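What follows is a single structure, written as structure tokens, with notes after it.
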Amino acid sequence: MNAIAIKHNDEIIDLQTAKELGFEGEQIHLDNSEDSLEVLRHSTAHLMAQAIKSLYPDAKFYVGPTVKEGFYYDFKTDAEVGEGDLKRIEKQMLSFAKKKYEIEKYSITMSEAKEKFKNDHLKLAVMERITDDTVSIYKQGEFEDLCRGPHLPTIGLIRYFKLTKIAGAYLGGDSKNEMLTRIYGIAFADKESLKNHMTMLAEAEKRDHRKIGAQMKLFTFREEVGAGFPIWLPAGGRLRARLENLLFKAHRKRGYEPVRGPEMLRSDLWKTSGHYQNYGENMYFTTIDDVEFGVKPMNCVGHIKVYEDELHSYRDLPIKYFEYGVVHRHEMTGALHGLFRVREFTQDDAHIFCTTEQIEEQIIEVVDFVDKIMSTFEFDYKMMISTKPEKAVGNDEVWEVSTQALKNAMDKNKLPYEIDEGGGAFYGPKIDIKITDAIGREWQCGTIQLDFNLPERFELEYNGEDNEKIQPVMIHRAILGSFERFIGILTEHYAGEFPMFIAPTQVAIVPIADTHKDYAKSISDKLIDIGADSEIYSKNDSLNKRIRTAEKTKVPMLIIIGDEEVEGKTVAIRDRRTREQYNLSEEDFLKLIQTKINEVNF
RNA sequence: GCCGUCAUAGCUCAGUUGGCUAGAGCAGCUGAUUUGUAAUCAGCAGGCCCGGGGUUCAAAUCCUCGUGACGGCACCA
């Protein structure tokens, strides 16, 4: 098997370049290793560009890199290109690949390149980002493209690929620029891997919380209600209530007090907080009796008003208020996505008012809280420290101190984190908790924000040891982030098969005949007493049909009761997770359910 | 917001080049059947074909403006 590239000084060097520069190194062969796929997919992007150029002669190309899941190419053409054209482009790609064109490389100076591509504004835009004096051109058949490589020796090696989606993308990722057409694709070294990848995508689609949410009747959206406003259905309501209850206890144990602020507050307050100036375009406003009100996009101002209700001593700190706060944010239409991104959502929000000395321990306590919950659900997550954004209030010194405080807390406790420059809230830096979902996407959920600014703006204070007035520090934090997004992620994580302690329904009861309905009802009542929900499948359908229907609802446990069970006071259990069938006495069964429900505490 | 695709019954989908009372499965209702572990049978009902405007003898089908959804981009919990 011939090499397709080599590894030189830990860099992938294609054969064209290796020959030119006389480099040697470990051979990279065409397989599904990371290095090999990097080269293969990059060349497949070029092959796609070649096909696009032949089908749309006016097409101009921007960049075509490889990404985590394949590759894409951004281009511009006056023709309309839609999803239906992907097949056509694929076909053209295959026919070029069959011609086995060699991929040739040559170098020219930057000024020659600028002359060569003078009529191609996209290539000129690409070159603006390059500082080198020379650039390389890769050529296959008639098609050539400015590129740094690495590439395969020939496009004849490209066989197993698929164009997956077509979309628009801004030139240079900047919404002020023109929009280009982007086509995404995937390529592998062999047929089997491509097939597996496509199967994986189909499986991921089955887990989509929007799909499962509809099937399991967790939530819905309606056009006449408005985009981004979820409607919680009974099953979703039950699931959500379980989460809320568990979390309520968890907060109480950690010394948080439940409070509640109003849904909308006078705009003057949002001006004081800075939301009006910095976040106003995302807020909903209404004017009544000549007074303008803003619907809250965050709960902090309400909690500040709770704090202001009485004088505080340093002895009282830290003070922790929490609320399942409903907030409204006018997200842009294109951003809406199932429960992951909505315009009305409920945060598990809390604000900790503490002294500067208490910052570190408080941050660590919240990080522990987060870890407890994430590990309960077996989520992978990572933490990111986000620094001062462009739009921000407060002076640089305060930002510096607070950002450093977050880093110190993490460093001292040896907690790993990444840095997101400029990703902070306008009032302070934050630690974001990002969960990796079922298909590898990352979602921001929890957040811990350190804030010196709002206490200053609202002139918050407490009495210190010497009876002097001291400004407290505010920590804004959410563990789940929002119930909406978190439940969406949970749904995909479990593919709808929620564990007992959180499932909308714990037990499905199937009485074999009408004569067993009374027993079913009595079990159902006893389940409610121990905090479990059940549904009785007693409709006039065949037994098999009812078992099938019950199974399809993904309820964790199914019990069947007939003459034998009524007589012996037992139940016949089907556990859908373990697929086991066995019998238990009614008493043991209730104990089992109770144990399973209570086995989780945050 | 931007680029592209799309919208038919509660759900999943048919509906030919514009042409008869717009169809099916599931779900629902009624009846028969009372079942021991993944779909019993029969019947009934259900549609402002997303909304407004237009073209045409004729529109679910073509045009246009909205609304909503989907895939990305940008933005973000």
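What you are looking at is a predicted structure, and each value in this text was computed from that prediction instead of being measured.
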For [X], answer base if it contacts any base atom (sugar-phosphate contacts may also be present), sugar-phosphate if it contacts only those atoms, and nothing otherwise; contact means non-hydrogen atoms under 4.0 Å.
X      : result
A/S482 : base
A/R485 : base
A/V342 : base
A/G446 : nothing
A/A227 : sugar-phosphate
A/G168 : base
A/K430 : sugar-phosphate
A/T181 : nothing

* Look at A/R341 and B/A77 and indicate whether a side-chain polar atom (N or O) is within less than 4.0 Å of OP1 or OP2. => no
Roughly, in whole Å, what's the span from [atom1] in [X] to [atom2] in [N]?
X      : N     : atom1 : atom2 : result
A/K296 : B/A77 : NZ    : C1'   : 15 Å
A/M332 : B/A74 : CE    : P     : 11 Å
A/F229 : B/A69 : CZ    : P     : 11 Å
A/E83  : B/U5  : CD    : C1'   : 5 Å
A/Y62  : B/C3  : OH    : C1'   : 17 Å
A/N282 : B/A74 : CG    : P     : 17 Å
A/F426 : B/C76 : CZ    : P     : 13 Å
A/E69  : B/G72 : CD    : P     : 12 Å

* Would you give a per-nucleotide map of nucleotides 30-39 of chain B, 5' to 3', where B means the base has a protein non-hydrogen atom under 4.0 Å away, S means only the sugar-phosphate does, and - means neither? => --BBBBBBBB
* Asked: Would you say A/Y184 stacks on B/G72, if stacking means ring centres under 5.5 Å apart and planes within less than 30 degrees?
  ->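 No; by the centre-distance and plane-angle rule, A/Y184 does not count as stacking on B/G72.
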Separation of the [atom1] atoms in [N] and [M], to the nearest angstrom:
N     : M     : atom1 : answer
B/C41 : B/G25 : P     : 12 Å
B/C63 : B/U56 : P     : 16 Å
B/A22 : B/A9  : C1'   : 11 Å
B/A27 : B/C13 : C1'   : 14 Å
B/U61 : B/G54 : P     : 14 Å
B/C48 : B/G23 : P     : 15 Å
B/C6  : B/U16 : P     : 15 Å
B/C44 : B/U8  : C1'   : 22 Å

Donor-acceptor side-chain pairing of [X] and [Y] below 3.5 angstrom:
X      : Y      : result
A/T447 : A/D432 : yes
A/Q347 : A/S482 : no
A/Y184 : A/E69  : no

Report the base-pairing partner of [N] (Watson-Crick or G-U wobble, both distances below 3.5 angstrom), or none.
N     : result
B/C62 : B/G54
B/A9  : none
B/G18 : none
B/C73 : B/G1
B/A42 : B/U30

Within the modelled atom types, does a donor on one side and an acceptor on the other bring the side chain of [X] and the base of [N] under 3.5 Å apart?
X      : N     : answer
A/Y170 : B/G1  : yes
A/E331 : B/A77 : yes
A/R222 : B/C50 : no

Using atom types as modelled and distance alone, determine if a side-chain donor or acceptor of [X] lies under 3.5 Å from a backbone N or O of [Y].
X      : Y      : value
A/K391 : A/F426 : no
A/Y73  : A/R182 : no
A/N278 : A/G274 : yes

* Would you call A/K320 and A/E365 a salt bridge, using N to O less than 4.0 angstrom? ->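 Yes, A/K320 and A/E365 are salt-bridged.
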* To do: May I ask you to decide whether A/E203 forms a salt bridge with A/K206, counting only side-chain N to carboxylate O separations under 4.0 Å?
  => yes
* Can you name the one residue among A/H328, A/H330, A/E344 that meets side chain to side chain donor-acceptor pair (under 3.5 Å) with A/Y284? -> A/H330
* Asked: Quick one: on RNA chain B, does A/G338 or A/G423 contact a more 5' nucleotide (nearest heavy atom)?
  -> A/G338
* Report the residue (A/F221 or A/K217) whose heavy-atom-nearest nucleotide on RNA chain B is the more 5′ of the two. =>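 With A/F221 and A/K217 compared, the 5'-side residue is A/K217.
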* Output the single nucleotide from B/U67, B/G71, B/A77 whose closest atom is nearest the side chain of A/F345. =>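 Of the options given, the side chain of A/F345 lies nearest B/A77.
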Please report, to 0.1 Å, the donor-acceptor pairs under 3.5 Å made by any side chain of residues 552-568 of chain A, with sequence neighbours excluded.
{"unit_1": "A/T553", "atom_1": "OG1", "unit_2": "A/A550", "atom_2": "O", "d": "2.5"}
{"unit_1": "A/D563", "atom_1": "OD1", "unit_2": "A/H516", "atom_2": "NE2", "d": "2.7"}
{"unit_1": "A/E565", "atom_1": "OE1", "unit_2": "A/G562", "atom_2": "N", "d": "2.8"}

